[in-house]
Amino acid sequence: MNYDELMRLALGRGFFVPSCEIYSDVPAGFWEYGPLGTIFRNRFINLWRKEIVRRDQMIEIDGSQIMAKEVFEASGHLKNFVDPIVSCSKCRLTVRADKLISDNINEIIPERLTDEEYDNYLRKNKISCPKCHSEFGKVSKFNMMFRVGVGAIDESAYLRPETCQSIFVDFPRLFKIMRGKLPFPVAQLGKSFRNEISPRQSLMRLREFYQAEIEVFYNLLRINEFEKFEEISNYVLRFLIDTRINEISCEEALKKNIIPNKLVGYYLAIIQQFYEKAGIDLNKLRFRKLTSKEKAFYARSAFDLEIETSLGWIELVACNDRGNYDLKRHMEVSKRDMTVIDGDDKVLPNIFELSMGVDRSLYCIMEHSFIKENDRNILKLNRYLSPVQVGIFPLLKKESLQVRAKEVQNILKGEFQIFYDESGSIGRRYRRQDEVGTPLGITIDYDTLNDNEVTLRNRDDMDQKRVKITELLQIIRGYFLDEDNFR
RNA sequence: GCGGUCGUCGUCCAGUCUGGUUAGGACAUCAGCCCUCCAAGCUGAUAACACGGGUUCAAAUCCCGUCGACCGCACCA
């Protein structure tokens with residue numbers, strides 16, 4: 001399935017839609033989840049909670065989206081998330097002023113200059129537009145963070161550009177009240193905001209987006225004392241090495257130094273296992289080790305989990321070893337002690353993070369799940385993720401059948417997401433549900449009125465079997481609890 | 001942010017060049033008829049010129065601007 005087809009499905013069936021779409025002057029980069037998309041996203045988050053958060057006995061928090069200026073002074077965002085930009089007065093070419101200057105004058109320029117200082121550099125060195133050789137206009141700053149004015153005096157604060165800062169600033173209290181021990185993982189699902197210059201491709205680059213993040217606080221001295229590694233030591237990870245994807249067990253990857261330590265290996269494994277369960281085609285998944293140029297300046301090591309789609313390889317999870325940069329900076333700026341006791345050591349914890357882009361993940365899962373069989377469009381979501389779980393259809397629009405169908409609906413609606421549909425032919429109604437991934441359909445016919453049995457239809461193979469209404473609840477419960485058949 | 005292409009019912013398309021009747025079709029949707037199970041058929045209905053300004057007796061159509069989409073560049077610690 002390509003991007004256009006997926007967008008048609010998303011817009012036409014209400015998975016996700018552009019924000020404020022009735023107005024024509026609204027900025028790009030904001031999307032909303034419709035009825036099916038909201039349930040789909042919630043189920044995805046629940047799977048994340050089940051397969052990662054609860055599996056690893058993590059705690060989860062929910063932090064503020066607006067955070068104080070000091071937080072971003074400490075994190076480096078105020079300094080590093082700001083690009084000085086300058087435009088050519090004639091051809092409008094827009095470039096980063098600092099790059100332009102250092103490319104032109106073979107001299108390292110100080111990092112944090114005022115706009116006027118950049119202007120001076122440009123004038124002194126007579127730097128002109130590389131394209132049309134005209135003069136540049138004035139330098140201005142573009143910050144990727146959204147500033148907000150708080151209270152009557154309009155005090156500067158920012159919408160967080162990454163959710164993890166909430167976890168970092170909460171760490172001392174969390175560690176105490178949860179009687180924490182290292183390694184100490186903390187999870188959070190929430191929104192982040194980045195003022196992207198050019199948002200593109202719907203959910204792929206948003207200005208307001210969901211992140212599901214795990215921050216693991218650990219003691220660098222004991223990074224290989226990690227018993228849980230045994231759980232996944234034989235699990236095979238997929239690494240991009242040079243230009244080929246290599247399947248390598250965690251154990252072997254550790255020996256060959258592809259992964260730096262057991263802790264990183266464990267978390268890479270559980271995130272890959274999670275995506276496997278979420279319905280991503282493993283043949284289209286890889287970990288890419290970032291080069292020192294690509295890595296964030298604070299990162300000790302970094303892997304991107306990438307998924308192949310019709311738009312190319314897409315980064316879904318940033319797996320960064322952030323070192324102790326974050327806590328060190330927050331300690332410096334806030335003057336609060338962030339160290340903790342670990343055994344006999346008093347340490348400032350290091351942090352390994354799994355930073356997942358939720359919206360992108362949903363897009364990728366949908367793209368990998370959608371198939372066409374003859375004329376039939378099927379969204380083969382795994383049964384945990386399907387927004388609608390059971391479709392209920394009276395075979396014909398006859399009162400006796402409708403009444404019976406409503407009775408069946410009443411039995412199931414407390415426990416399952418039901419969609420009742422009596423309009424159109426039965427085949428058409430099956431197809432409508434296939435397209436949005438509903439795994440089960442129940443049809444009430446004239447025989448039902450006598451024998452109290454209904455037809456239970458399976459989305460994937462279109463198999464039909466007769467089931468007693470009294471056993472329906474039990475059977476459907478079993479179906480959705482089936483751990484081994486997550487497809 | 002730059003350059004190119006482009007914005008018409010929910011979707012796909014016609015109409016725009018060459019301004020002029022009630023903006024047309026298909027699919028989808030809704031209602032009715034028919035029908036015991038995989039997009040059948042028949043009848044009817046709903047529904048659109050991205051937004052703002054200009055030219056004109058008259059604008060979906062011509063001009064300007066804004067916003068958006070796609071592609072490329074740049075950006076994406």
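Chain letters run A, B, ... following the sequence lines, proteins first and then strands; every chain starts at 1.
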Selected nucleotide, minimal atom distance to [X] side chain, candidates [options]:
X	options	value
A:M144	B:C76, B:A77, B:C37	B:C76
A:D375	B:A39, B:A77, B:C75	B:A39
A:Q464	B:A77, B:G1, B:C37	B:C37
A:Y446	B:C76, B:U36, B:C38	B:U36

Applying salt bridge (charged side-chain N to carboxylate O under 4.0 Å, His left out), can you list everything that pairs with [X], at least two apart in sequence or on another chain?
X	value
A:D451	A:R466
A:R13	A:E435
A:K398	none

Under 3.5 Å, which N/O atoms of the protein pair with N/O atoms of nucleotides 43-54 of chain B?
residue : atom : partner : partner atom : Å
B:C51   : O4'  : A:S24   : OG           : 2.5

Expressed in angstrom and rounded to an integer, what is the separation of [X] atom [atom1] from [N] atom [atom2]?
X	N	atom1	atom2	answer
A:R200	B:C70	CZ	C1'	8 Å
A:L396	B:C38	CG	C1'	14 Å
A:D461	B:C37	CG	P	20 Å
A:R431	B:C37	CZ	C1'	11 Å

Task: Partner residues of A:F370 under the ring-ring contact (aromatic ring centres under 6.0 Å, His included) criterion, sequence neighbours left out - done: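 If we apply the ring-ring contact (aromatic ring centres under 6.0 Å, His included) test to A:F370, skipping adjacent residues, there are no hits.
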- [ ] Output all residues satisfying ring-ring contact (aromatic ring centres under 6.0 Å, His included) with A:F168, sequence neighbours left out; order by chain, then residue number.
- [x]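 For A:F168, no residue satisfies ring-ring contact (aromatic ring centres under 6.0 Å, His included) once neighbours in sequence are set aside.
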Assign [X] to base, sugar-phosphate, or nothing according to its heavy-atom contacts below 4.0 angstrom with the strands shown.
X	answer
A:E162	base
A:Y325	nothing
A:D434	nothing
A:I426	sugar-phosphate

Task: Closest non-hydrogen atom pair between A:R459 and A:L381, with its separation - done: NH2-O, 2.8 Å
- [ ] Give me the one residue out of A:T438, A:D434, A:D463 that meets side-chain hydrogen bond (donor to acceptor under 3.5 Å, both in side chains) with A:R457.
- [x]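 In the set A:T438, A:D434, A:D463, the residue that makes a side-chain hydrogen bond (donor to acceptor under 3.5 Å, both in side chains) with A:R457 is A:D434.
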Open item on the list: Run the side chain to side chain donor-acceptor pair (under 3.5 Å) test against A:R336 and tell me which residues pass, sequence neighbours left out.
Closed with: none
Open item on the list: Aromatic contact between A:F274 and A:F44, with the criterion being ring centroids under 6.0 Å apart: yes or no?
Closed with: yes
Can you give me the N/O atom pairs linking the protein to nucleotides 30-32 of chain B at distances under 3.5 Å, or say none if there are none?
residue : atom : partner : partner atom : Å
B:C30   : OP1  : A:S423  : OG           : 3.3
B:C30   : OP2  : A:S423  : OG           : 3.0
B:G32   : OP2  : A:K397  : NZ           : 3.0

- [ ] Would you state whether a donor and an acceptor, one from the side chain of A:R457 and one from the base of B:C38, lie under 3.5 Å apart?
- [x] yes
Task: Check: A:R428 side chain, B:A39 base, donor-acceptor under 3.5 Å - done: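 Under the 3.5 Å cut-off, the side chain and the base do not form any donor-acceptor pair.
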Task: Selection residues 311-321 of chain A - residue pairs positive for salt bridge (Lys or Arg N to Asp or Glu O under 4.0 Å), sequence neighbours left out - done: A:R300-A:D321
TODO: Taking Watson-Crick and G-U wobble pairs with both distances under 3.5 Å, convert RNA chain B into its dot-bracket string, 5' to 3', dots for unpaired and | for cross-strand pairs.
DONE: (((((((..((((......[...)))).(((((.......)))))....(((((..]....))))))))))))....
Open item on the list: Please enumerate all residues that pass side-chain contact (heavy atoms from CB on, under 4.5 Å) together with A:T38, with sequence neighbours excluded.
Closed with: A:Y33, A:R41, A:N42
Task: Contact residues, residues 27-39 of chain A to RNA chain B [heavy atom, < 4.0 Å] - done: A:P27, A:A28
